[in-house]
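Notes to accompany the following structure.
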Amino acid sequence: MLPIPLLPDLRVRQRDYLLQIARAMTQDLDLDSLLAQILKTSVDLLAGQVGLIALRSPESGWRVQVSQNMPPAFLRSLEPMLARIPGDQDPEKDELPEINRLLNEFTYAASMGQLSGVGLPLVTRQKVVGVIFVFRTYSTVFSGNDRVLLSSFANQAAIAVQNAQLVANITREKQRLDALLGAVADGVLILKPNLAIERANDAFCRLMEINEKSIVGLPHQQVVEWEKQPQGTKLEDAVENGWPLTPHATLYVEGDLHRGKDVAPLPTGVTYAPLMTPEGVLLNIIASVRDISKFRQADELKSTFVSIVSHELKTPVALIKGYVSTLRREDATWDRQIVSESLQVIEEEADRLSGLTENLLDASRLQAGGIALKRSEVSLPVLAERMAKRFRTQTTAHQIVVDFPEKFPVIVADEGRLEQLLSNLIGNAIKYAPDGEVKIRGQMRKNMVIVSVSDQGPGISTEDLPHVFDRFYRARDMARHTKGAGLGLYLAKSIVEAHGGRIWVESGAEKGAQMYFSLPIGE
């Protein structure tokens with residue numbers, strides 16, 4: 001059969017189609033709309049009725065990307081066939097012939113011999129990106145010149161598809177970068193090689209209380225402005241001295257960042273990392289900005305802890321050592337009463353040491369994972385009376401009163417921990433109120449009980465109220481006159497919360513302090 005050349009007017013149309021595809025390559029880089037245009041042009045060019053474009057992905061293999069006039073049932077049957085083509089073969093030598101064979105056989109069977117197929121492989125830079133397949137009601141043998149024109153069209157279409165895929169990949173990477181920068185809790189700055197701000201993430205803008213648009217293009221030192229000389233070398237000084245010399249050379253600076261006249265400086269640690277080409281050309285500098293306020297607070301807390309514990313340990317140890325040294329003197333004889341009083345002081349100071357040690361251990365256990373409770377039935381009125389009786393022997397300046405209503409419900413709780421809780425609250429009331437009444441009261445609610453411990457002391461100042469349950473915190477006015485490590489209320493809060501309850505404090509002028517806690521009754 002002699003080759004049937006394309007008609008002259010069809011060749012003119014084909015050249016027009018080539019121009020359309022060339023324009024689409026620069027104007028429309030949306031992959032799906034570009035493929036739809038290429039497919040429509042291909043169906044018109046090859047005088048077909050139905051067509052599809054299948055693309056090849058190294059990850060997911062072959063799949064139909066767009067189709068024209070194709071019944072949904074036909075597509076549903078075709079997809080599994082394409083998915084079965086092995087993706088580890090030579091695409092041009094093995095996969096394309098297999099696709100052509102499958103499509104032709106499937107088309108012939110589905111149309112009962114009424115349709116035939118023409119496949120145009122999409123190959124660019126020796127890489128198979130897909131295939132255009134057009135179904136027609138007649139078969140045609142193309143001339144050599146026609147094949148050159150069709151090949152040119154397919155090559156142009158392949159380049160257009162690859163360009164659109166590259167743009168889609170770049171868009172996905174940008175979206176991924178946006179999502180990554182948005183999810184990072186630390187502030188991130190991307191700097192140009194000249195140290196101008198190219199981009200800032202939301203976290204940085206929140207830390208600095210600024211808008212990204214207002215800083216893009218500004219010099220780095222105008223945005224990252226230190227209140228005073230920071231620890232470490234400033235970025236500008238490091239760059240002047242040749243930083244970065246290697247692709248993995250990081251720079252760390254720590255200090256207080258200036259955030260404007262009406263905003264407090266921010267304790268910050270900034271890590272700078274270069275982004276360089278394999279040839280050593282600097283592309284960007286990535287700055288990671290971290291709020292280190294809590295680290296500073298932790299350092300202050302550690303210093304406070306060392307100071308308080310040193311002081312609290314020093315006093316009983318000194319007393320114990322002094323009394324023991326006195327009693328051991330060989331040049332003196334002590335009567336029984338002096339020995340007994342000395343031993344009592346030693347015992348009391350040893351108890352103080354034991355209590356402080358136990359509180360410190362409890363604080364460590366809380367940090368490690370909470371308090372383990374040994375629950376049983378507990379009568380709070382009985383427990384409160386027992387604790388009051390114990391404390392009445394320790395003070396003559398206070399009247400300790402227990403007031404619980406009749407038929408007060410028994411709760412399910414850890415009796416040992418509740419004893420520790422009441423001991424801390426009653427002990428604080430006696431410690432901070434020089435005299436007067438200390439009242440332990442109970443109230444009943446539907447599913448809970450409320451217990452309060454009140455005193456008639458000076459109360460708690462307004463500025464101290466939010467912090468009384470903090471670890472190692474001590475009221476400023478009282479810390480100079482009373483002993484303690486600042487752990488009692490912290491442990492009390494932890495015990496209550498471990499039981500599923502809540503603790504709070506009320507204080508006002510001339511009515512002392514009232515500590516309240518609620519506990520569920522339990523089953």
Side-chain angles (χ1 to χ4, degrees), residues 294 297-309 312-313 351-380 383-384 386-387 390-391 411-432 438 440-443 445 447-455 460 464-475 478-479 482-507 513-522:
K294 291 187 177 180
Q297 290 171 3
D299 285 339
E300 291 172 5
L301 190 64
K302 183 170 65 176
S303 300
T304 302
F305 167 74
V306 171
S307 174
I308 289 173
V309 171
E312 290 296 313
L313 291 175
D351 287 342
R352 278 187 61 194
L353 280 176
S354 176
L356 176 61
T357 304
E358 188 61 35
N359 283 345
L360 290 172
L361 288 173
D362 279 342
S364 298
R365 292 187 194 108
L366 284 171
Q367 269 196 306
I371 295 177
L373 300 179
K374 299 177 181 178
R375 296 181 183 267
S376 62
E377 292 185 349
V378 180
S379 171
L380 282 173
L383 178 60
R386 185 168 73 242
M387 298 303 299
R390 180 187 303 174
F391 276 95
I411 68 170
V412 178
D414 186 324
E415 186 169 359
R417 289 298 180 182
L418 293 188
E419 185 173 315
Q420 182 183 7
L421 165 65
L422 282 174
S423 176
N424 284 338
L425 297 184
I426 298 169
N428 272 3
I430 293 173
K431 184 191 299 183
Y432 293 113
V438 175
I440 310 165
R441 296 182 59 206
Q443 305 172 44
R445 294 290 186 269
N447 297 313
M448 70 176 66
V449 296
I450 298 176
V451 178
S452 64
V453 177
S454 60
D455 61 57
I460 303 170
D464 287 321
L465 276 175
H467 307 290
V468 293
F469 297 108
D470 292 351
R471 191 169 42 147
F472 304 124
Y473 186 83
R474 303 193 66 212
M478 301 295 182
T482 57
K483 299 175 182 178
L487 286 172
L489 292 182
Y490 168 74
L491 292 172
K493 180 174 184 286
S494 302
I495 291 169
V496 171
E497 289 179 349
H499 282 84
R502 191 170 69 88
I503 189 168
W504 67 98
V505 59
E506 293 180 4
S507 183
Q514 297 84 41
M515 306 296 303
Y516 292 86
F517 64 88
S518 65
L519 294 172
I521 293 174

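Considering L425, D455, L421, V451 in turn, L425 is the only one that fulfils the side-chain contact (heavy atoms from CB on, under 4.5 Å) rule with M515.
Side chains of E419 and R390 form a contact here, defined as non-hydrogen atoms less than 4.5 Å apart. Between K493 and V496 the shortest side-chain heavy-atom distance does not fall below 4.5 Å. The shortest side-chain heavy-atom distance between V438 and F391 does not fall under the 4.5 Å cut-off. Looking only at side-chain heavy atoms (C-beta outward), F517 and L422 come within less than 4.5 Å of each other. K374 has its side chain out of reach of R417: every pair of non-hydrogen atoms, C-beta onward, lies at least 4.5 Å apart. Annotation: side chain of L418 is in contact with side chain of L519 (closest heavy-atom distance under 4.5 Å). Side-chain atoms of V378 and I411, non-hydrogen and from C-beta on, do get closer than 4.5 Å to each other.
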Worked verdict on V505 versus L489 for side chain to side chain contact (heavy atoms under 4.5 Å, CB included): CA-CA 10 Å; V505 59; L489 292 182; over 6 Å; no
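Taking CZ of R445 as the reference point, atom CD1 of I521 lies at 11.0 Å (rounded to 0.5 Å). Atom CG of L380 is separated from atom CE of M387 by 12.0 Å, given to the nearest 0.5 angstrom. Remark: Q420 CD to L491 CG distance equals 6.0 Å, nearest 0.5 Å. Atoms OG and OH, on S454 and Y516 in that order, are 7.0 Å from each other to the nearest 0.5 Å. In this structure, OG on S423 lies 10.0 Å from CG on L383, to the nearest 0.5 angstrom.
Nearest heavy-atom pair across A384 and I440 is CB-CG2, 4.0 Å. Summarising the geometry of H499 relative to P520, their closest heavy-atom pair is O-CG, 3.3 Å, with the distance given to 0.1 Å. Smallest separation of non-hydrogen atoms from N424 and A492: ND2-N, 4.5 Å.
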